[in-house]
Amino acid sequence: MFNLRGDQRTIGEQSRKEGGKIFGSGSRTPISITLLVKKAGHIGKDEIFYRDIGDYLDQKQKLEILANSRSFLNNQMELVKLVPNEYGDWITTRNDMFGEFVPLASEKKFDEGTESVFTINFLGFETTRDSWVYNYSENLAKENIASMISVYNDYNQIDDATKIAWSRGLKRNKEKNKILEFQNNKTTTVQYRPFQKMKLYFGEDLIEYRYSNHSFFGDMLDVKNPVILVDSVSSSKDFSCFISNIITDRGFCGGGQSFPLYYYEKQKPTKQITLDQPTEPTFDYTRKDGISNHALKTARTKYGTAVTKEDIFYYVYGFLHTPSYRTTFADDLKKSLPRIMWVDNTDDFWVFSKAGRDLAELHLKYEDVQPLDEVIVEGDNKDEKRYIVQKMKFSDKQTKDTIIYNDFIKITNIPSKAYEYVVNGRSAIEWIIDRYQVKTDKASGITNDPNMYAKENNKPRYILDLLLSVIAVSVHTVDIVNSLPILSFEK
């Protein structure tokens, strides 16, 4: 098997590593050449010989390698015999030490006796109709969903994607002749993708998978609860994590898991529905700790009685940013949820915990971080019309030191260091460039315009200021990460 790479469904640095597409615009998936050989008299299991063509090669370079190789019989192919390990790994190989670390996730949810770091983890919302229920404009989100509800109530299963987005749950409700009601107060701000907030309509029956989000943010979703988000298992991207204190879409980290500082346990209703008094019941919530008692006991034994569960939460966030951890256990982090180690040195624990707090402060309040002095904004004359954006782009994709914001404004002298901060496979800056553009969904025909978010929040400079803040956040994040204690993972 000759792996020619070229997976264009990846993003950021991973996409650059995948290199050129063998068939040019005719391919988006990775391409490999596989030769199956049936050998008379062979005894035993099949053998697999493999070569990866390598990182950062363009189409021309790959084709030259193919032309020079000519055949699998060429000794210069340097084929490697693949032998699976005990975990079933063929190409990537897990590290035995990783299994000795403390798991973040509990095997049983809400298990207060667990020996994992957290008692609970969960997924974000999954709507199955994002273009309808999400929008930068709260008003348009309401209009779109009100229109869809009207179509649902008035027609049978009409097959028109510009009028309604069917899902298994919605079809099931239709079969039961259930009537949907538009709920005007059911919108909230959601962290949709890294550094991207949008409005979400979360009315009854229109979010296909709510999972356990009510346990972490309450039924009204107005609770601020810090949550560490990690990439999904089997992600093709290098491991990363982020933090949010509002609800997130499941696709935020590619379908990954979230680990909360707290969760909320619903109590019995304070008002009962009766024939005499058909009042909707109201519920009280008891706040519970997301960090386990076992983790607190362990940390206090190792680092002193001053340690709190909040200290541990931010220790985890700091530790997960450790470069040597991400590198050493890169394969493990693609195949299972993170595990952490308790550092030997008490001072190091507090350094990681403080770094985690500092990173959380940056990442939770990323919109408010002051721009870097050295970054220059050209063409800003305070005219509100000049802040409208269609699609930002780099002046030079190689250096990336200049971003063309629109026909009037450009941002120059962006430090290269800023692009070292990567979340879910893409630099923070590139998330802004990609997500803050005017897009029209092909299926529904619905347009999502980030300028509407700025307009409805009465912040005409919002997108420009956001970009400048995220550049600063990126540089500050890299500085904090580079200051973390150096850990050795050798046995």
Side-chain angles (χ1 to χ4, degrees), residues 103-111 114 116-134 165 167-170 186 188-237 239-266 285 287-292 313 316-317 320 333-340 363-364 423-426 431 435:
L104 291 191
S106 173
E107 292 185 4
K108 180 181 177 182
K109 294 185 184 298
F110 303 107
D111 180 8
T114 183
S116 63
V117 178
F118 289 85
T119 61
I120 180 65
N121 54 288
F122 67 102
L123 296 168
F125 277 106
E126 188 173 357
T127 77
T128 71
R129 52 181 62 85
D130 284 10
S131 64
W132 289 90
V133 295
Y134 282 114
S167 62
R168 184 169 56 183
L170 200 60
K186 291 291 185 177
T188 190
T189 302
V190 175
Q191 198 80 51
Y192 184 68
R193 293 292 183 269
F195 306 100
Q196 181 193 21
K197 289 179 178 176
M198 286 204 295
K199 296 295 182 178
L200 166 70
Y201 176 88
F202 60 97
E204 184 179 0
D205 297 311
L206 292 173
I207 306 296
E208 191 77 355
Y209 302 105
R210 292 174 179 266
Y211 301 111
S212 311
N213 280 268
H214 64 276
S215 296
F216 309 101
F217 298 98
D219 279 342
M220 295 308 294
L221 303 176
D222 58 358
V223 175
K224 300 294 184 184
N225 184 14
V227 172
I228 296 173
L229 304 108
V230 301
D231 295 333
S232 64
V233 174
S234 76
S235 172
S236 62
K237 309 175 186 71
F239 174 80
S240 64
C241 61
F242 198 70
I243 191 167
S244 177
N245 58 9
I246 58 177
I247 63 172
T248 60
D249 183 83
R250 186 179 178 183
F252 182 93
C253 272
Q257 293 282 339
S258 303
F259 296 88
L261 180 57
Y262 306 110
Y263 67 92
Y264 293 84
E265 197 171 80
K266 184 183 288 187
Y285 290 85
R287 194 178 80 174
K288 310 292 284 285
D289 293 321
I291 300 292
S292 71
F313 179 84
V316 169
Y317 195 54
L320 292 178
L333 292 167
K334 281 183 169 65
K335 298 172 184 289
S336 61
L337 289 172
R339 292 169 170 258
I340 66 155
H363 300 161
L364 289 173
V423 183
N424 195 18
R426 178 182 282 150
W431 275 113
R435 306 309 301 188

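Only this structure's heavy atoms are used, side chains among them; waters, hydrogens and symmetry mates stay out.
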Legend entry - Test side chain to side chain contact (heavy atoms under 4.5 Å, CB included) applied to Phe259 and Val316, step by step: CA-CA 10 Å; Phe259 296 88; Val316 169; over 6 Å; no

Inset, instruction - Evaluate the criterion side chain to side chain contact (heavy atoms under 4.5 Å, CB included) for residue pair Ile228 and Leu261; output intermediate values, then yes/no. - result: CA-CA 8 Å; Ile228 296 173; Leu261 180 57; over 6 Å; no

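We find the CZ-NZ distance between Arg426 and Lys237 to be 8.5 Å, quoted to the nearest 0.5 Å. Taken to the nearest 0.5 Å, the CG atom of Leu200 stands 5.5 Å off from the CD1 atom of Ile247. In this structure, the separation between CD1 on Ile246 and OG1 on Thr188 is 7.0 Å, given to the nearest 0.5 Å. Within the model, atoms OH of Tyr201 and NZ of Lys186 stand 8.5 Å from one another, a figure rounded to the nearest 0.5 Å. Considering OG of Ser167 and CD of Glu126, their distance stands at 10.5 Å, rounded to 0.5 Å. To the nearest 0.5 Å, atoms SG (Cys253) and CD (Gln191) are separated by 10.0 Å.
In this pair, Phe118 and Phe313 present their aromatic rings perpendicular. The plane angle is above 60°, beyond the 30 to 60° band.
Contact of the Phe202 side chain with the Thr127 side chain is not registered, since no non-hydrogen atoms from C-beta on lie closer than 4.5 Å. Here the side chains of Leu104 and Leu320 are in contact, with some heavy-atom distance below 4.5 Å. Considering only heavy atoms from C-beta on, Ile291 comes within 4.5 Å of Val117 through its side chain. Proximity of Arg168 to Glu208: side-chain heavy atoms (C-beta onward) are separated by under 4.5 Å at one or more points.
Put simply, the residue from Asp130, Thr248, Asp249 that forms a side-chain hydrogen bond (donor to acceptor under 3.5 Å, both in side chains) with Tyr192 is Asp130.
No hydrogens or angles considered: nothing links the side chains of Asn225 and Tyr264 as a donor-acceptor pair under 3.5 Å.
For an aromatic pair to be called close, the ring centres must be under 6.0 Å apart, and Phe242 with Phe252 satisfies this.
Closest approach of Asn121 to Ala105, counting heavy atoms only: OD1-CB, 3.4 Å.
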